[in-house]
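Side chains included, hydrogens not; waters and symmetry mates left out as well; all remaining heavy atoms used. Residue numbering restarts at 1 for every chain, and letters A, B, ... go by the order of the sequence lines.
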Protein chains: 2
Amino acid sequence: MKDIAQRAGVSESAVSFALNGRPGVSEVTRDRVRRVAEQLGWRPSTAARQLSGEGAATVGFVLARPADTLGVDSFFLQLVSGIQEVLAERHLGLLFQVVEDVTDECAVYRRWWAEHRVDGVLVVDPRTDDPRPGLLDELGLPAVVIGGAPDERHPGLSTVWADDAGAMASVVDELYRLGHRRIVHIAGLPGLAHTERRVRTLRAEAERRGLTEVESVTTDYSDAEGAAVTRRVLGRPAPPTALIYDNDVMAVAGVTTATELGFSVPADVSVVAWEDSALCRMVRPWLSALSRDSVEFGRTAARELTALLDGGPARTVRVPVPQVIVRESTGAARGA
Amino acid sequence: MKDIAQRAGVSESAVSFALNGRPGVSEVTRDRVRRVAEQLGWRPSTAARQLSGEGAATVGFVLARPADTLGVDSFFLQLVSGIQEVLAERHLGLLFQVVEDVTDECAVYRRWWAEHRVDGVLVVDPRTDDPRPGLLDELGLPAVVIGGAPDERHPGLSTVWADDAGAMASVVDELYRLGHRRIVHIAGLPGLAHTERRVRTLRAEAERRGLTEVESVTTDYSDAEGAAVTRRVLGRPAPPTALIYDNDVMAVAGVTTATELGFSVPADVSVVAWEDSALCRMVRPWLSALSRDSVEFGRTAARELTALLDGGPARTVRVPVPQVIVRESTGAARGA
DNA sequence: CCGGGGAAGTCAATGGATTGACCCCAACTA
DNA sequence: TAGTTGGGGTCAATCCATTGACTTCCCCGG
């Protein structure tokens, strides 16, 4: 900046005013300064800017998953790419970290906050009894919780969520219409808030219809557990006629397993994947799936965070209910 | 820090010396200062630190892929998680950005550099005729190129690479031994350096053995193109008896397509996937695959970068050659 | 008893951008 | 003509940690 000031023959303050579109310099000078800056390829040092109270121009994103669970899930990269799109417009950086568990995640937030490294964070995989919202509220670190149910206890946080309950209801609806009465839901990690929501809704829907042979089994989202659970439930005397998998990976593993066991999909057993990805169209039969726009989900979350950073109020935003895409893996229950 | 100085009854300089393990304060004072700092949960502001010449404590990572190509690939998340592991030890942040193409990527590097946002970067997907190494060299931004061949022209950059040529040779070896003479390689993006290396090696290996019906076809890595190319080549009068896919996604799509066309895998056509992921064990037949440790790949790259940041020399490191894991999708060529 | 030397600290400058306080001059008003 | 006003700028302090230069004080040797 000193350089620019010199070459443009003005003071550093004038440069600052000129480049930030603040009054105090004539249009002529402003233009001259702009040209010099451009020519020098100057960009304000984020560090200096931050010291002068402008914030870090960075938001944080922590993924708390063991490294090996991380692989195949397409959801996160899509989410991140949506987030990026919005952040990039405003030249906000995304500081990304992978940790083992929520405890470590909290430590990361603490450190980031103490080091003034980020202006806000995006929190994913909210849990039942989650320590993070409390911590963030306490620190006063602006945050958007992605995928959580609205939470009255932390008015400082924004929430962006999908209506899992509604989606689950529509899946059950569809399966019920097709004559399915024995349904198993191969759910994800037990501690996650959306897992709980899906499980609860499924139970409620079953009760409402008087179905007794409907249940949820929690897993770790891996293909291995997906296959194992499938094998177990299909081995019963009265096996389920419909399976709902909480992600695409388990669904594919499930179909493969079912086929190996001699079950035909969808003639003997229908399958629904909770997450529509390329994977669902890569195997035969094509998987019926719940489709949501993960990229848009990310965009929405990022937009909420920037709004928060601009001093806006915390809000709760619901993205569209995931839609059931019927493909080849669902059909009428045998004998229905 | 002022706070700490006050409470410990010393000057700010003393605090700095104490906390950074520099001489100039007694052990007693050092301890006192440390305790006060701990108690206050103090961490140095990265901004201030950076302003005093310490660097940004951050490395950058840009992914130049269109959002929709991003989804299913398990490689990157694994790579990133390995990178993280090493960076986290040294409390280095990872600034992550997704962009559309290499041009945008260069712009990002320019901006990061001008803003002093990162101390170094990790570059993935090197290309033939790549503008990035030149730019980074010119800027003097420390960088590690991941997956590139050693490049003499840019002595400032480190390179971490896998021996694609050797791996391809071993695949061809294996297939040749099984009696395959007509082989099609469904490659990835044409501009990428490792694609070129694989294509070249395949051609060389074929010539060496006098095989004339061996070729590579480039794609965009998507399941759609993988399926399309599979359909095309299997529709020929003399279809190939072995297919090598440059990633797991295309391999799975390919197997599905082949099966639909009435080809049995591996009886009619053998399939090898260049990337061993959960996917390869989720479909039947299980896919034979080239396995490399992507997480370790990331670790190695990150270690090279930290070495560079510590003032070490640029180096070229080769990670172990990917190994062929023989599963169910490869077998003797019919009639061999 | 004095000077030299080292351990333990303090002072103040530094880095880059922002910003409140102030200054100068031309033009306009009474 | 004196006084006011406002546009166009400048000065210097500020944010926070680091660091080279300097000061104190104590101990030891001569």
- Message: Categorize A/V15 for me: base, sugar-phosphate, or nothing, with a 4.0 angstrom heavy-atom threshold over every strand shown.
- Response: nothing

- Distance in angstrom units between A/E27 CD and D/dG8 C1', rounded: 12 Å

- Message: Over all strands shown, is A/G53 touching base, sugar-phosphate only, or nothing at heavy-atom distances under 4.0 angstrom?
- Response: nothing

- Message: Rounded to whole Å, how long is the line connecting atom NZ of A/K2 with atom P of D/dC11?
- Response: 14 Å

- Item | Length of the line joining A/Q50:CD and D/dA17:P, which is rounded to integer Å | 11 Å

- Any donor and acceptor pair, going by atom type alone, linking the side chain of A/S52 with main-chain N or O of A/A48 inside 3.5 Å? yes

- Message: Determine whether a donor-acceptor pair (N or O, by modelled atom type, separation under 3.5 Å) exists between the side chain of A/R127 and the backbone of A/G191.
- Response: no

- Would you say the side-chain atoms of B/R65 and A/S81 include a donor-acceptor pair closer than 3.5 Å? no

- Does any non-hydrogen side-chain atom of A/W113 lie less than 4.5 Å from one of A/L135? no

- Message: Side chain of A/M1 only, heavy atoms from C-beta on: which candidate in C/dT18, D/dG9, C/dG9 is closest?
- Response: C/dT18

- Any A/R49 side-chain nitrogen or oxygen under 4.0 Å from OP1 or OP2 of C/dG16: no

- Query: Which part of the nucleic acid does B/S16 contact within heavy-atom distance under 4.0 Å: base, sugar-phosphate only, or nothing?
  - Reply: base

- Taking the side chain of B/V25 as its heavy atoms from C-beta onward, which of D/dT10, C/dA17, C/dG9 lies nearest to it? C/dG9

- Message: Which label fits A/Y221 and A/H194: parallel for a plane angle under 30°, tilted from 30 to 60°, or perpendicular past 60°?
- Response: tilted

- Item | Partner of A/D137 under side-chain hydrogen bond (donor to acceptor under 3.5 Å, both in side chains), chosen from A/H154, A/R153, A/R132 | A/H154

- With a non-hydrogen cut-off below 4.0 angstrom, is A/S45 in contact with a base, only sugar-phosphate, or nothing? sugar-phosphate

- Does A/W42 make a side-chain N or O approach to OP1 or OP2 of C/dG16 shorter than 4.0 Å? no

- Query: Which one, C/dG16, C/dT10, C/dT18, comes nearest to the side chain of A/A48?
  - Reply: C/dG16

- Query: So, is A/S26 close to the D/dG7 phosphate, meaning a side-chain N or O under 4.0 Å from OP1 or OP2?
  - Reply: no

- Message: Check this one for me: any side-chain N or O of B/N20 less than 4.0 Å away from OP1 or OP2 of D/dT18?
- Response: yes

- Interatomic distance, A/R22 CZ vs C/dT18 C1' [rounded to whole Å]: 8 Å

- Message: Taking any heavy-atom pair under 4.0 Å as a contact, classify B/E54: base, sugar-phosphate, or nothing.
- Response: sugar-phosphate

- Message: Just the rounded figure in Å: distance from C1' of C/dG15 to CG of A/D3.
- Response: 15 Å

- To the nearest Å, give me how far apart CZ (B/F17) and P (D/dA21) are. 12 Å

- If each of B/L51 and B/S13 is mapped to the nucleotide of DNA chain D with the nearest heavy atom, which maps nearer the 5' terminus, i.e. the 5' end? B/L51

- Query: So does B/S52 reach the base of D/dC16 with its side chain, donor to acceptor, closer than 3.5 Å?
  - Reply: no

- Task: Identify, between A/E12 and B/A14, the residue whose nearest nucleotide on DNA chain C lies closer to the 5' end.
- Result: B/A14

- Query: What nucleic acid atoms does A/R43 come within less than 4.0 Å of, heavy atoms only: base, sugar-phosphate, or nothing?
  - Reply: sugar-phosphate

- For atom CD1 of A/I4 and atom C1' of D/dG9, their distance in whole Å: 17 Å

